[in-house]
Student: 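I'd like to ask some things about the structure below.
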Amino acid sequence: MSDVRVRFAPSPTGPLHIGGVRTALYNYLFARKMGGKMLLRIEDTDQNRFVPGAEEYIIESLKWVGIQIDEGQGVDWGDGPGPHGPYRQSERKGIYQAEAERLVAVGKAYYAFDTDEELDAMRQRLEAANAPAAQYNAITRGQMKNGLTLKPDEVNARIGAGEPFVIRLKTPRKEEVRLNDLIRGWVNVHSSAIDDKVLIKSDGLPTYHLANIVDDHLMGITHVIRGEEWLPSAPLHVLLYRYLGWETTMPQFAHLPLLLKPEGNGKLSKRDADLGGFPVFPLQWTDPFTGNVARGFREEGYLPNALVNFLSLLGWNPGTEQELFSMDELIDAFSLEKIHKAGARFDIEKAKWFNHQYIRQQPNEVLAPTIEQQATAAGLACPPDKAVKIAGLLKERVSFARELFGEAHTIFYAPTAYDEAIVATKWNDDSRRAVAAFRDALLGFEGEFVAEAIRHTLAGAMQQAGIKQGKIMQAMRLALTGFGIGPDLMLTMEIVGREEVIARLENALTSLN
RNA sequence: GGCCGAUUCGUCUAGCGGUUAGGACAUCGCCCUUUCACGGCGGUAACACGGGUUCAAUUCCCGUAUCGGUCACCA
């Protein structure tokens, strides 16, 4: 048996949806798990929906989340993107046409010349007659203008005259089509439910169905892992493999459950993102036509590992109680059998939790630049070592790196006001004495101004003043930051610096009565 | 509407005939802590419904309901 080969085959019609990212991820995990290859093919057979920049966006998105493509668009094999190229369907036009002609030749497909108006008329007629389905199929094709109803001479004449035509599949009238989906098991569909699908459009380009089958075959794809929205057309694809003579090497199918709206009905859409205030695209995207900007997970501050971890568990579970997975661990644990059948609601809260987990694991040095940038933007001086310390102090408290600066406001800004509730309950003669005593001790402070030394100084000063430290700590925090809550006070003081600490204590003494 | 698929706590899920139905997010409480957060401990919370099959059904089968997908010269 040949090695596993899977593909991710998006259409460049806009930014890659997060559901597409998950599909790509599952393909990738499976490929790596099996020691196989992951291909990227661009399905751009609809000229009308082509969006400039979309292909680049897709490639950049996959790269960002850590999905490596072995072969196909965006890959450099030295002399092209790989041995089965081109990997852009618009560049493979002739291949599809040849296969379609072959189907016509063996009587499995036929030319059709019906105009849009004629098709509409047929559908309306059927609907009026209450027919079960208004389809172009084994029953209706006899009444239409096609290679089955027209004389061969006329067909040739029409084509010769340049009249537009399509090639349709000649779907059998009564036949049970079976398909063994790796996730759902056997799926049976009667051919009467399948219409005579257009294989080659009047512009000469193939539809998804033909192009997909031809390419998957030519590219040696062994497993087709795609969204559940393709399940209804899967039997049609089986038929195509059969008629093309490729059924024995037909890939196995695995139809993935869909990502659903956080609440309400339907699948996750861009609209949900706007409503819920979260992204559904991996990267920020600016629509080239309207200029509208759609938010991206990357720009929102999500770490690629966190996104991958979150996405991997939406519709799949290793069966253990492990929650945090690196990409390598996912590859190791992954299996198609463990994929769910039912759709999964997209809950951004869980995504935030994952991000929090990964943020706190980040080295302080990695988080620091974000703080520096925001501080600089706010007109504040923030040397790298200070930013590193702040990151270490606060990273366990946030879900996103950009929240660090906001959490650090008491470090950057001396209090301009004091929390009244804390003042009312904690500010008294004792606390006033404590603050003064601490200030005095700090005035004579020598050595390195670090948390441990500060702790000692404070303890000593309180002991000398005869004040129980626990009783005045919150007042001390109030004097230093203006608030009753916040991160470790000793570390905060270390970062703020001795001079500033003394100044703040001084200020509290004069401001608070 | 036809066809196809699905249905375990609010959400993501474990479970593959016999379990006190487990974990995570969220939520609530307690502990830790000078405070908040983190962390630890604990609580509330689920097998859609009705029939079968079986000694025994969350688990198998059939209906019903609900939800989802799909019915284009879009993918």
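None of these values were measured; they are calculated from a predicted model. Numbered from 1 within each chain, the chains take letters A, B, ... in sequence-line order.
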Student: Could you work out which one of A72(B), U35(B), C12(B) sits closest to the side chain of D195(A)?
Tutor: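 The answer is A72(B).
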Student: L489(A) CG to A37(B) P: how many Å, rounded?
Tutor: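 These atoms are roughly 17 Å apart.
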Student: Please report, rounded to the nearest Å, how far the P atom of A26(B) is from the CZ atom of F354(A).
Tutor: 11 Å
Student: Can you measure I339(A) atom CD1 to A6(B) atom C1' for me and round it to whole angstrom units?
Tutor: 15 Å
Student: Salt bridge or not for R41(A) and D216(A), using N-O below 4.0 Å?
Tutor: yes
Student: A72(B) C1' sits how many Å from W230(A) CH2, rounded?
Tutor: 12 Å
Student: So is K170(A) actually on top of Y110(A)'s ring, under 6.0 Å and inside 45° of the axis?
Tutor: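 Judged by the rule, K170(A) and Y110(A) form no cation-pi pair.
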Student: Does the side chain of W427(A) reach to within under 4.5 Å of the side chain of Y418(A), using non-hydrogen atoms?
Tutor: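 No, every pair of side-chain atoms sits at 4.5 Å or beyond.
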Student: Going by distance alone, is a donor N or O of one side chain under 3.5 Å from an acceptor N or O of the other, for H255(A) and R184(A)?
Tutor: no
Student: In whole angstrom, what separates H237(A)'s NE2 from C4(B)'s C1'?
Tutor: 14 Å
Student: Base, sugar-phosphate alone, or nothing: which one does D114(A) contact when heavy atoms must sit under 4.0 Å apart?
Tutor: base
Student: Taking the minimum atom-to-atom distance to the side chain of D347(A), which one of C12(B), U11(B), C4(B) wins?
Tutor: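 The closest nucleotide is U11(B).
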Student: Whole angstrom is fine here: how far is it from CZ in R49(A) over to P in A72(B)?
Tutor: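 For the pair R49(A) CZ and A72(B) P, the rounded distance is 15 Å.
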Student: Please check this pair: side chain of T207(A) against backbone of V198(A), looking for a donor-acceptor N/O pair closer than 3.5 Å.
Tutor: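 It does hold such a pair.
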Student: Nearest to the side chain of K350(A), which nucleotide is it out of U34(B), G69(B), C12(B)?
Tutor: C12(B)
Student: If you measure from the C1' atom in U8(B) to the same atom in G22(B), how many Å do you get, rounded?
Tutor: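 Those two atoms are separated by 11 Å.
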Student: Look at all strands and tell whether N188(A) reaches a base, only sugar-phosphate, or nothing, counting heavy atoms closer than 4.0 Å.
Tutor: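 Sugar-phosphate contact only.
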Student: Side chain of T45(A) only, please: which of C73(B), G15(B), A75(B) is the nearest?
Tutor: A75(B)
Student: Check each of F346(A), Y302(A), F325(A), W316(A) against F310(A) using the ring-ring contact (aromatic ring centres under 6.0 Å, His included) test, and report the only one that passes.
Tutor: F346(A)
Student: What is the nucleic acid contact for V166(A), judged by heavy atoms within less than 4.0 Å: base, sugar-phosphate only, or nothing?
Tutor: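 The residue V166(A) makes base contact.
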Student: Base, sugar-phosphate or nothing for Q135(A)? Non-hydrogen atoms, less than 4.0 Å.
Tutor: sugar-phosphate
Student: For S191(A) and E175(A), indicate whether the former's side chain and the latter's backbone hold a donor-acceptor pair under 3.5 Å.
Tutor: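 Checking the backbone N and O of E175(A) against the side chain of S191(A), a donor-acceptor pair under 3.5 Å is found.
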Student: Would you mind reading off the distance between R184(A) atom CZ and C4(B) atom C1', rounded to a whole angstrom?
Tutor: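 It is 10 Å, rounded to the nearest whole Å.
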Student: At under 4.0 Å between heavy atoms, what does S202(A) touch on the DNA or RNA strands: base, sugar-phosphate, or nothing?
Tutor: base
Student: Scan P12(A) against the nucleic acid and name what it touches under 4.0 Å (heavy atoms): base, sugar-phosphate only, or nothing.
Tutor: nothing
Student: Might you list the N or O atoms of the protein lying below 3.5 Å from N or O atoms in nucleotides 38-42 of chain B, with each pair's distance?
Tutor:
| residue | atom | partner | partner atom | Å |
| --- | --- | --- | --- | --- |
| C38(B) | O3' | R360(A) | NH1 | 3.2 |
| C38(B) | O2' | R360(A) | NH2 | 2.9 |
| C38(B) | O2' | E396(A) | OE1 | 3.2 |
| G39(B) | OP1 | R360(A) | NH1 | 3.1 |

Student: Please state how far atom OH in Y111(A) lies from atom P in C73(B), giving the value in whole angstrom units.
Tutor: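 Rounded to the whole Å, the gap is 19 Å.
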Student: State which of A24(B), A75(B), C73(B) makes the closest approach to the side chain of Y208(A).
Tutor: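 Closest nucleotide among those given: A75(B).
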Student: Which part of the nucleic acid, if any, lies within contact of R123(A), taking any heavy atom under 4.0 Å across all strands shown: a base, the sugar-phosphate backbone alone, or nothing?
Tutor: sugar-phosphate
Student: Return the polar atom pairs (N/O with N/O) between nucleotides 61-68 of chain B and the protein under 3.5 Å, or none.
Tutor:
| residue | atom | partner | partner atom | Å |
| --- | --- | --- | --- | --- |
| G68(B) | OP1 | G266(A) | N | 3.0 |

Student: Is it true that the side chains of E101(A) and Y111(A) contain a donor and an acceptor less than 3.5 Å apart?
Tutor: yes
Student: Less than 6.0 angstrom from the centroid, inside 45 degrees of the normal: does R22(A) satisfy that with respect to the ring of Y26(A)?
Tutor: yes
